[in-house]
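To start, the structure itself, in C-alpha cells.
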Amino acid sequence: MTLKVLQFGATGQVGQALTAAASDAIELTVLSRAEVDLADPAAIHAAILAADCDLIWNAAAFTMVDTAEAEPEAAFAVNAAAPEAMAQACAERGIAFVHLSTDSVFDGETDRPYVETDAAEPISVYGRSKLAGEQAVLARPKTTVLRVSWVFSPYGRNYVSFMLNLGRTREVLKVVADQYGSPTDGEALAGFMVARAARWASSEPADPAFGLFHFANAGETSRYDFAKAAIARDPLTHARLEPTTQGAFAEAAARPPRSPLDSSKLAATFGFMPQSWKPAVERVADQLVRNGF
Ligand SMILES: NC(=O)c1ccc[n+]([C@@H]2O[C@H](COP(=O)([O-])OP(=O)(O)OC[C@H]3O[C@@H](n4cnc5c(N)ncnc54)[C@H](OP(=O)(O)O)[C@@H]3O)[C@@H](O)[C@H]2O)c1
C-alpha cells in the first residue's frame with residue numbers, strides 16, 4: 001500500500017525538492033498558499049482533519065528574515081501559530097508530523113558546531129518565531145523537527161543560484177567572509193524525508209525517530225568559501241570574489257556569526273549522515289550551470 005503524505009508549501013525551495021523526491025515512492029498531496037493560507041490556523045486545522053493521509057510535513061515558512069523585523073506578527077503567525085495548529089490537528093488524528101526549523105534559533109556565539117541540547121537564543125524576529133514554532137510542535141506527540149541551515153538545491157531562490165547569477169553579471173562580487181555555517185543539501189534533505197516517511201508514519205510516540213534533529217552537510221564554511229565553491233564551477237563567470245564583512249551590509253535582521261549544525265544525533269538515530277558540503281555544492285552548481293541556472 002502506498003504511503004500517503006500531506007505537504008504544506010508548494011513553491012518554496014524545500015517544497016519543490018520534496019515534490020521531486022517523492023515521485024513513485026509515496027503518494028504526495030501538496031497544499032499551496034492558495035489552498036491553505038498559513039496565516040489562518042482554522043483553515044490548517046480543517047485541512048488536516050479532512051485529509052486522508054499517514055504523515056504530514058511542513059515545508060512552508062515566513063523566510064524573509066529582514067522583512068520579519070518589521071512584520072513580527074506575520075512571521076509569528078506563519079512560523080509559530082501555523083505549525084502549532086498543524087501539530088495539534090495531527091495529535092487529534094494520531095498522525096505523525098515533520099516540521100523544519102533553522103540554525104537561526106542560535107545566537108552564533110559558539111566555538112563548535114551546535115548540538116540539539118545547546119541553548120537556543122535567537123537574535124532576530126525570524127529566529128524567535130521559528131523557535132516558538134519548534135517548541136509548540138515538539139510539545140505534541142509524534143512530532144519531528146529537523147533544523148537545517150543555508151539550504152541550497154536546484155530549486156527556487158537559494159544561495160548557489162543567486163551567486164551563480166551574480167557571477168555572470170558583476171565584475172567584483174563582495175561576499176561575507178566572517179559568517180560561518182553548514183550548508184544543507186536540499187535534495188539530500190528531501191531524499192531523507194521521503195525515505196524515512198514510512199518509519200515516522202508507523203512509529204509509536206516513544207520512538208527515537210521523533211524529536212529534535214540537526215540536518216546539515218558535514219563540515220563548516222564561510223559564506224565566502226560557499227560562494228567560491230559554487231562560482232568556480234561556472235566557466236562563464238566574470239566576477240572576481242572579494243571578502244567583506246557582515247557589518248558592511250545594512251540588513252534589518254542580525255545573523256548568527258557562527259551557526260554550524262552537528263548532525264551526529266541524526267546519524268546515530270537514522271543511520272544517515274549527509275556528505276561533506278563542498279562536493280554537494282559542486283554537484284548542484286554543475287547541474288544549475290548545465291541548465292542555464
Ligand atoms: N532556505 C534556507 O536557507 C533555510 C535555512 C534554514 C531553515 N530553513 C527552513 O526550511 C524550510 C523551507 O524553507 P525554504 O528555503 O524552502 O523556503 P522558501 O523557498 O522561502 O519557501 C517558503 C514557502 O512557504 C510558503 N509560504 C509562506 N507564507 C505562507 C503562507 N502564509 N501560507 C502558505 N504558504 C506560505 C511559500 O509560498 P508562496 O510561494 O506562496 O509565498 C513557499 O512555498 C522553512 O521552515 C525554513 O525556515 C530554510
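When a ligand or atom number is given, it counts from 1 through the structure's own listing order.
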Give me the residue, atom name and distance of the protein heavy atom closest to [atom].
atom	result
atom 32 (N) of ligand 1	Leu38 N, 2.9 Å
atom 47 (O) of ligand 1	Tyr126 OH, 2.7 Å
atom 19 (O) of ligand 1	Gln13 N, 2.9 Å
atom 25 (C) of ligand 1	Ala60 CB, 3.7 Å

Charged tip of Lys142 within 45° of Phe210 ring normal and under 6.0 Å: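 No cation-pi geometry.
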Distance under 6.0 Å and angle within 45° of ring axis: Arg223 vs Tyr159: yes
Whether Phe152 lies under 4.0 Å from ligand 1, heavy atom: no
Any Val36 heavy atom less than 4.0 Å to ligand 1: yes
Polar side chain donor-acceptor pair, [X] to [Y], under 3.5 angstrom:
X	Y	value
Gln88	Arg140	yes
His99	Asn58	yes
Glu220	Ser182	no
Thr19	Gln16	no

Which atom pair, heavy atoms only, marks the closest approach of [X] to [Y]?
X	Y	value
Ala10	Ser32	CB-CB, 3.8 Å
Ala254	Ser124	O-CB, 3.7 Å
Arg147	Leu261	O-CD1, 3.4 Å

For ligand 1, find out whether one of its N or O atoms is nearer than 3.5 Å to an N or O atom of [X].
X	result
Gly15	no
Val14	yes
Val151	yes
Ser149	no

Pick one of side chain, backbone, both or neither for how [X] approaches ligand 1, counting any non-hydrogen atom pair under 4.0 Å.
X	answer
Lys130	side chain
Ala59	backbone
Tyr155	neither
Ser101	backbone
Val78	side chain
Asn158	neither

Can you sort out which atoms of ligand 1 are near [X], meaning under 4.0 Å from one of its heavy atoms?
X	value
Trp150	3 (O), 5 (C)
Arg157	20 (O)
Gly12	16 (O), 18 (P), 19 (O), 21 (O), 42 (C), 43 (O)
Val148	6 (C), 7 (C), 8 (N), 10 (O)
Asp37	30 (C), 31 (N), 32 (N)

Arg157, CZ atom: more than 12 neighbouring heavy atoms under 6.0 Å: no
For [atom], the option (of [options]) bearing the nearest heavy atom:
atom	options	result
atom 27 (C) of ligand 1	Gly181, Ala61, Ala82, Ala10	Ala61
atom 33 (C) of ligand 1	Glu134, Arg147, Arg33	Arg33
atom 13 (O) of ligand 1	Thr63, Thr11, Leu31	Thr63

Ring centre gap for Phe106 and Tyr114 strictly below 6.0 Å: yes
Pair Phe76 + Phe62: ring centers closer than 6.0 Å: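 No, they do not, as the ring centres are separated by 6.0 Å or more.
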Single hit among Lys228, Arg170, Lys174 for salt bridge (Lys or Arg N to Asp or Glu O under 4.0 Å) with Glu242: Lys174
Single-linkage hydrophobic cluster, 4.5 Å side-chain cutoff, Val98 and Leu6 together: no
